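Right, one structure below, let's go through it.
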There are 2 protein chains.
Amino acid sequence: MRRPSNRVTSTDVAREAGVSQTTVSFVLNDTRGQTIPEETRRRVLEAAKRLDYRPRGSARSLAAGRSDVVLLALPGVPISANLSRFIEQLAAALAENGLSLLTHLVEGHGRPLPDLCAAVDASVVVSLIPLDAETAAAVQRTGAELVHGAAGRAQVELQAIGRLQAGHLIESGRERLGYALPALHATEFRVRERMRGVEAECADRGLAPPLALTVDMDGEQAALVVDEWVRSSVTGVCAYNDEAAMAVLAGMHRRGLSAPDDLAVIGVGDIVAGQVCIPPLTTVAVDYENSGRDLARVVAARLEGETPAESASVTRPRLVRRASAP
Amino acid sequence: MRRPSNRVTSTDVAREAGVSQTTVSFVLNDTRGQTIPEETRRRVLEAAKRLDYRPRGSARSLAAGRSDVVLLALPGVPISANLSRFIEQLAAALAENGLSLLTHLVEGHGRPLPDLCAAVDASVVVSLIPLDAETAAAVQRTGAELVHGAAGRAQVELQAIGRLQAGHLIESGRERLGYALPALHATEFRVRERMRGVEAECADRGLAPPLALTVDMDGEQAALVVDEWVRSSVTGVCAYNDEAAMAVLAGMHRRGLSAPDDLAVIGVGDIVAGQVCIPPLTTVAVDYENSGRDLARVVAARLEGETPAESASVTRPRLVRRASAP
DNA sequence: TTGAAAGCGCTAACAT
DNA sequence: ATGTTAGCGCTTTCAA
């Protein structure tokens with residue numbers, strides 16, 4: 001076969017504790033239906049600690065048929081501080097259930113998700129990205145439970161963001177809106193849905209749809225775009241994100257215009273820079289709050305075989321009022 | 001034992017292809033030293049594809065004594081677009097070597113790194129965070145190779161960033177510098193080292209050390225800080241990061257001052273917002289360029305048992321000139 | 001309350 | 001060129 005590794009195994013622990021390997025397993029797993037005297041338990045636990053024993057996941061999941069690994073699939077985009085906090089919560093809550101959270105960060109790079117699932121024998125895959133049917137099926141065929149972090153509702157929530165933006169601008173008296181599309185990823189699902197939210201809100205309030213224009217990360221180009229909005233009597237602009245919103249602000253500055261008087265501007269994301277741009281940026285923040293813990297609960301339930309009343313939604317848009325659109 | 005799962009195994013593939021399970025293993029692993037006729041290979045491959053077979057990682061690594069999992073340990077902070085690209089490269093390059101990249105995103109949350117290593121039987125751990133000796137030892141005791149992504153040199157590079165900032169300002173004629181510390185994490189290693197770089201550069205050029213002040217993400221507070229710099233005849237400010245730099249810009253704006261005339265400002269990070277703030281922000285970008293691929297090479301070498309001339313450094317600071325400090 | 005023993009699905013040495 | 005077989009370290013039944 002191969003050189004036997006020198007890593008500590010449960011057999012070593014058993015020898016050290018003077019019990020059988022089976023007993024070690026019982027103690028370490030708190031096997032229910034097994035009653036272990038305190039004295040034995042203590043001896044095993046101490047031996048394990050003394051040897052710094054760590055059960056080998058591969059052996060464990062091979063034998064048990066399921067691992068304690070939860071795979072989190074994230075889109076490859078930069079990860080915001082906000083999302084970062086959500087992941088922390090999720091990891092912490094899962095750890096309390098003895099589960100290990102590992103992340104697949106880079107959609108489309110590296111090995112395909114189903115391969116990764118098989119590679120670590122994941123018991124659950126939590127996906128924050130929409131999986132096409134084929135991938136989803138392949139994941140499930142590896143034996144992993146599939147949990148959608150933002151499934152189904154994602155579309156609704158994305159639109160809710162747009163609605164919140166438009167609603168705020170309209171309530172402050174703007175009747176003709178513009179929409180600032182990002183130069184990159186302009187065709188992405190998220191971009192489309194957020195803009196749809198704005199359109200829907202305008203429609204509901206009997207206003208014309210927003211005048212959508214693409215904004216580069218360049219003051220001069222942005223100024224041109226601003227010119228066009230002004231020409232069209234636009235008085236409020238919803239941007240796809242805070243960066244695009246800041247580009248609009250920069251374009252206005254070049255023309256001697258200022259927010260909110262000439263054009264009210266509202267972004268999405270609540271990036272730190274938005275607090276100190278000129279003027280400070282009104283934006284829609286997407287909070288994850290306790291949803292990390294909620295999701296962990298869903299994951300745990302799934303492992304019990306239950307199908308809980310679907311995941312509470314992960315996101316929750318909130319208006320952050322600052323000077324650019326008071 | 002347990003209900004036999006209905007997942008496809010290599011035995012199923014063997015049956016489907018009409019060969020032994022061993023042969024399937026040979027074909028799928030391209031076992032060197034084994035010669036397989038094209039016809040057999042084809043039959044096996046087709047059977048595998050037909051059944052959508054995926055080798056189970058746990059069984060594989062249990063038998064082979066090593067898995068194909070590479071664990072990337074990242075700090076819990078938000079992940080920049082830049083770092084994101086680095087990870088993509090790494091994942092892609094590793095995949096070419098048949099390795100799977102999984103990420104441990106949340107330092108200090110969830111299970112400890114050594115536990116995760118054991119849980120997935122990682123063969124390599126790539127750490128972008130400094131690991132304390134105890135953790136490092138524990139990781140290695142799980143059998144994983146430890147590769148430091150930015151080890152040792154980290155300090156040098158962090159200082160190089162500060163030097164680049166200061167050098168640029170000084171070369172453009174500024175003789176008295178300020179340093180903008182972030183309100184949060186002000187005591188962090190990175191913050192200290194970056195500022196040390198600025199101090200070192202000032203010292204080398206025979207100038208006084210920078211006047212370091214803490215800047216909040218708040219225009220009014222920043223204005224107060226700017227007042228103090230002006231009072232002290234500071235003419236150029238190095239900020240810990242782009243956000244802090246933008247706060248300085250905001251403070252200046254409140255006082256009717258503008259960059260670079262009254263105060264030249266330079267950040268770090270090259271965040272997108274810096275392209276469209278007022279004025280556009282000069283900054284130091286930290287590029288990962290091809291270091292994802294480089295690191296993958298180091299990982300592969302380590303798995304071969306070689307100890308290559310230590311990892312090429314991961315980062316490389318570069319000046320991005322814009323209006324705030326031309 | 002404990003332990004012996006049978007696998008889990010795979011790799012790799014050893015036949016054939 | 002292919003198959004037989006012995007484990008890898010663990011969980012879990014079953015017997016003691």
Side-chain angles (χ1 to χ4, degrees), chain A residues 1-15 17-44 48 51 53-69 98 118-121 123 142-143, chain B residues 1-15 17-44 48 51 53-69 98 118-121 123 142-143:
Chain A
M1 243 74 315
R2 55 177 205 84
R3 68 239 136 102
S5 89
N6 50 356
R7 288 161 58 178
V8 180
T9 74
S10 69
T11 306
D12 297 330
V13 176
R15 193 181 315 114
V19 298
S20 77
Q21 188 268 330
T22 305
T23 302
V24 172
S25 176
F26 286 158
V27 171
L28 263 34
N29 294 324
D30 251 328
T31 308
R32 24 162 286 142
Q34 273 293 331
T35 138
I36 306 275
E38 201 42 53
E39 159 67 9
T40 308
R41 155 182 255 78
R42 199 185 45 70
R43 282 224 314 282
V44 170
L51 300 178
Y53 168 70
R54 265 170 248 276
R56 192 175 293 206
S58 50
R60 195 208 262 271
S61 48
L62 182 56
R66 67 207 302 261
S67 75
D68 59 5
V69 173
V120 295
D121 231 327
S123 57
T142 71
Chain B
M1 245 76 310
R2 55 177 206 84
R3 63 231 142 107
S5 87
N6 50 358
R7 287 160 59 179
V8 180
T9 73
S10 69
T11 307
D12 296 330
V13 176
R15 193 180 316 115
V19 299
S20 79
Q21 187 268 331
T22 304
T23 303
V24 172
S25 176
F26 286 157
V27 171
L28 263 34
N29 294 326
D30 251 329
T31 307
R32 22 163 287 140
Q34 272 294 330
T35 137
I36 306 275
E38 202 40 56
E39 159 66 8
T40 306
R41 153 180 256 79
R42 199 185 45 70
R43 282 225 314 282
V44 170
L51 300 178
Y53 168 72
R54 267 171 248 275
R56 191 175 295 204
S58 50
R60 195 207 263 270
S61 47
L62 183 56
R66 65 211 293 270
S67 75
D68 59 4
V69 173
V120 295
D121 231 327
S123 57
T142 70

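If you're wondering where the values come from, they're calculated on a predicted model, not measured in any experiment. Each chain gets a letter, A, B and so on, in the order the sequences are listed, and its residues count up from 1.
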**Asked** Given atom OH of A:Tyr53 and atom P of D:dG9, what is their separation to the nearest angstrom?
**Response** 10 Å

**Complete:** Of the candidates D:dC10, D:dC8, C:dC10, the side chain of A:Arg60 sits closest to D:dC10

**Asked** Rounded to the nearest Å, what distance is computed from the CZ atom of residue B:Arg56 to the C1' atom of nucleotide C:dC8?
**Response** 8 Å

**Asked** Rounded to the Å, how far apart are B:Glu38 CD and D:dA1 P?
**Response** 12 Å

**Prompt:** Expressed in angstrom and rounded to an integer, what is the separation of A:Arg15 atom CZ from C:dG3 atom C1'?
**Reply:** 16 Å

**Item:** Spatial distance of atom CG (A:Leu51) from atom CZ (A:Arg15) [nearest 0.5 Å]
**Value:** 9.5 Å

**Asked** B:Arg42: what forms a salt bridge (Lys or Arg N to Asp or Glu O under 4.0 Å) with it, not counting sequence neighbours?
**Response** B:Glu39, B:Glu46

**Asked** Can a donor-acceptor pair be found between the side chains of A:Ser67 and A:Asp121 at a distance below 3.5 Å?
**Response** no

**Interatomic distance, A:Asp121 CG vs C:dG9 C1' [rounded to whole Å]** = 10 Å

**Prompt:** Is any side-chain N or O of B:Ser10 closer than 4.0 Å to OP1 or OP2 of C:dC10?
**Reply:** yes

**Request:** Determine the minimum heavy-atom distance between A:Tyr53 and A:Thr9, stating which atoms define it.
**Result:** CE1-C, 3.5 Å

**Message:** Strictly distance-based, threshold 3.5 Å: is any side-chain N or O of A:Ser58 a donor or acceptor partner for the main-chain N or O of B:Ala59?
**Reply:** no

Side chains of residues 27-35 of chain A: which donor-acceptor pairs under 3.5 Å do they make with residues two or more places apart or in other chains?
residue, atom, partner, partner atom, Å
A:Asn29, OD1, A:Arg60, NH1, 3.1
A:Asn29, ND2, A:Ser25, O, 3.2
A:Asn29, ND2, A:Ser25, OG, 3.3
A:Asp30, OD1, A:Arg41, NH2, 2.8

**Message:** Rounded to whole Å, please give me the gap between CG in A:Leu28 and P in D:dG9.
**Reply:** 16 Å

**Request:** Using salt bridge (Lys or Arg N to Asp or Glu O under 4.0 Å) as the criterion, list what pairs up with B:Arg54, not counting sequence neighbours.
**Result:** A:Asp115, B:Asp52

**Message:** Using whole Å, what does the distance between atom P of nucleotide C:dT11 and atom CG of B:Leu62 come to?
**Reply:** 11 Å

For nucleotides 2-4 of chain D, print each protein N/O atom paired with a nucleotide N/O atom at under 3.5 Å, atom names and distance only.
residue, atom, partner, partner atom, Å
D:dT2, OP1, B:Thr40, OG1, 3.2
D:dT2, OP2, B:Thr40, OG1, 3.3
D:dG3, OP2, B:Ser20, N, 2.6
D:dG3, OP2, B:Ser20, OG, 3.0
D:dG3, OP2, B:Thr23, OG1, 2.9
D:dT4, O4, B:Thr22, OG1, 2.7

**Item:** Polar side chain donor-acceptor pair, A:Gln21 to A:Ser10, under 3.5 angstrom
**Value:** yes

**Prompt:** Given atom CZ of A:Arg66 and atom P of D:dC10, what is their separation to the nearest angstrom?
**Reply:** 18 Å

**Request:** Would you classify A:Ser25 as touching base, sugar-phosphate or nothing, given that sugar-phosphate means primed atoms plus P, OP1 and OP2, and contacts are heavy atoms under 4.0 Å?
**Result:** base

**Request:** Sequence neighbours left out, what passes salt bridge (Lys or Arg N to Asp or Glu O under 4.0 Å) with A:Glu38? Give chain and number order.
**Result:** none

**Asked** Given axes from five pairs at either end, by how many degrees does the helix from C:dT1-D:dA16 to C:dT16-D:dA1 bend, rounded to 10°?
**Response** 40°

